[in-house]
Protein chains: 2
Amino acid sequence: MADSDRGPRERMVFSAAQLLRRDGVAGTGMRQVAAHAGAPRGSLQHYFPGGKEQMVNEAVAWAGRYAARRVDRFLAGLEVPSPSGLFAAMVAQWSDELTATGSLPGCPVAAATVDSADTADSTRQAAANAFACWREPVARALTGMDVPESRSAALATLMVSALEGAVLIARAERDPAALTTVARELGPLLDGAVTRPEN
Amino acid sequence: MADSDRGPRERMVFSAAQLLRRDGVAGTGMRQVAAHAGAPRGSLQHYFPGGKEQMVNEAVAWAGRYAARRVDRFLAGLEVPSPSGLFAAMVAQWSDELTATGSLPGCPVAAATVDSADTADSTRQAAANAFACWREPVARALTGMDVPESRSAALATLMVSALEGAVLIARAERDPAALTTVARELGPLLDGAVTRPEN
DNA sequence: CCCCGATTATGACAGCGGTCATAGCGGTCG
DNA sequence: CGACCGCTATGACCGCTGTCATAATCGGGG
């Protein structure tokens with residue numbers, strides 16, 4: 001949300017991620033990205049000589065790092081750390097945006113996957129990396145909450161999957177119900193995976 | 001899969017759904033749909049006077065009905081009905097396609113949601129309807145397996161969410177691991193929701 | 001002062017997209 | 001036969017997109 005002046009290049013990557021959320025890859029033009037970032041059009045071919053594909057890939061990578069950062073921040077914000085609490089925080093980031101602003105742009109990584117997984121292989125790999133970047137801190141957080149290492153990675157995958165799917169449904173319905181439902185139903189399962197209940 | 005001769009119109013809707021899976025909404029052209037369906041180009045404005053939006057909406061609706069039909073068929077194919085068995089069958093439909101053909105086109109409903117939820121409201125509603133069409137038979141199947149009615153709808157949402165998210169990840173990674181993981185981790189939770197274990 | 005690299009400014013191009021307009025078939029029915 | 005109707009056939013238009021080519025601008029060092 002801090003779109004401040006971090007150099008025009010980073011601003012463009014950020015704007016690309018933002019527009020990707022709304023319109024998808026094919027629906028977002030490069031001129032549009034430049035305009036949204038307040039950057040001159042001539043900077044496009046200068047900063048992204050690899051063309052649109054490079055820009056999309058960087059936006060996806062940025063989103064992956066952003067998601068990972070958020071996970072760490074959620075952990076720091078939990079007074080009593082628990083898997084369900086972490087998941088609830090992850091879900092709340094999305095439902096809050098919908099209830100606050102009234103609209104729910106999707107996940108840029110999902111957009112890149114849907115739009116160009118079968119047409120641009122580098123973008124597909126960028127999306128895979130982003131998902132990995134995201135799941136990794138989640139899995140590590142779970143092991144830190146006494147979830148056995150053998151399951152923490154799998155549960156992280158489940159959490160991200162359920163979240164992404166719920167975002168899709170909530171977006172289609174313009175209703176955060178799917179998000180809250182998933183958080184409520186999945187929470188107990190996650191907490192049940194801790195070996196020594198610490199409460 | 002049965003692209004047979006059900007009239008050119010239905011063939012075009014089917015082809016649209018198929019192309020949507022791979023290239024998304026903006027990445028799929030109407031001429032391309034006609035060509036894929038072996039239909040004359042002039043039929044486009046004749047059968048879809050509402051333009052691309054109408055075509056996409058019908059493809060999405062078709063996909064929703066198709067998913068619902070599949071759920072019923074999965075139920076019929078289960079010797080011992082159980083929530084985890086149903087979910088495993090739903091997941092297997094996707095992982096099997098990836099392992100068999102080597103590639104994994106996504107879900108057309110997800111594509112429509114990602115690409116035009118914020119730009120074409122009728123498409124957004126079509127996607128919401130498709131999700132509802134899909135979850136409804138799942139929820140009903142759960143109640144038929146002695147899952148309390150209060151939870152069956154929520155669990156159906158969770159199942160569809162987790163599946164959609166796992167499809168995304170598997171598509172990005174070109175690896176069905178996320179799908180099998182989600183099925184394995186979510187199965188016990190689902191079976192734990194039956195009041196009287198029938199086994 | 002002048003050169004130089006980084007950045008920006010334009011303009012053009014070729015392609016494709018959806019959509020409209022118009023006309024042509026090929027039957028069937030009155 | 002002539003009228004109507006479902007369907008098809010083209011062709012054109014306009015807007016947009018990604019990309020390239022070329023030149024201008026600007027801030028600092030040599």
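Per chain, numbering begins at 1; letters A, B, ... match sequence-line order. Atom set for the values below is all heavy atoms of this structure, side chains included, hydrogens, waters and symmetry mates excluded.
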Atom pairs and distances, donor-acceptor, side-chain atoms in residues 123-130 of chain B, under 3.5 Å, two or more places apart:
unit_1: B:T123; atom_1: OG1; unit_2: B:N57; atom_2: OD1; d: 2.7
unit_1: B:R124; atom_1: NE; unit_2: A:A172; atom_2: O; d: 2.9
unit_1: B:R124; atom_1: NH1; unit_2: B:D121; atom_2: OD1; d: 2.4
unit_1: B:R124; atom_1: NH1; unit_2: B:D121; atom_2: OD2; d: 3.4
unit_1: B:Q125; atom_1: NE2; unit_2: B:D121; atom_2: OD2; d: 2.9

Whole angstroms only, please: what is the [atom1]-[atom2] distance between [X] and [N]?
X     : N      : atom1 : atom2 : result
B:M12 : D:dC7  : CE    : P     : 10 Å
A:K52 : D:dT17 : NZ    : P     : 8 Å
B:M55 : C:dT19 : CE    : C1'   : 13 Å
B:Q32 : C:dG18 : CD    : P     : 9 Å

From [atom1] ([X]) to [atom2] ([Y]), nearest 0.5 Å:
X      : Y      : atom1 : atom2 : value
A:Y47  : A:Q54  : OH    : CD    : 12.5 Å
B:M145 : B:S152 : CE    : OG    : 11.5 Å
A:L190 : A:E185 : CG    : CD    : 11.5 Å

Let's see if you can work this out: which of C:dT19, C:dA9, D:dA9 has an atom nearest to the side-chain heavy atoms of B:P40? D:dA9
Side chains of B:D146 and B:T195, donor plus acceptor under 3.5 Å: no
When you check the side-chain N and O atoms of A:Q93 and A:E97, is any donor under 3.5 Å from an acceptor? no
Polar pairs (N or O, both sides) under 3.5 Å between protein and nucleotides 20-22 of chain C?
unit_1: C:dA21; atom_1: N6; unit_2: B:Q45; atom_2: NE2; d: 2.6

According to the salt bridge (charged side-chain N to carboxylate O under 4.0 Å, His left out) rule, which pairs have a member within residues 159-177 of chain B, sequence neighbours left out? A:D118-B:R171, A:R135-B:E173
Whether A:S43 contacts C:dT7 is assessed here as follows: a side-chain N or O lying under 4.0 Å from the phosphate OP1 or OP2. Is that the case? no
Residues from residues 108-125 of chain A sitting under 4.0 Å of DNA chain C, heavy atoms only? none
In numerical order, the residues of residues 21-31 of chain A whose heavy atoms come under 4.0 Å of DNA chain D are A:T28, A:G29, A:M30, A:R31
With sequence neighbours excluded, tell me which residues meet salt bridge (charged side-chain N to carboxylate O under 4.0 Å, His left out) with B:R184. none
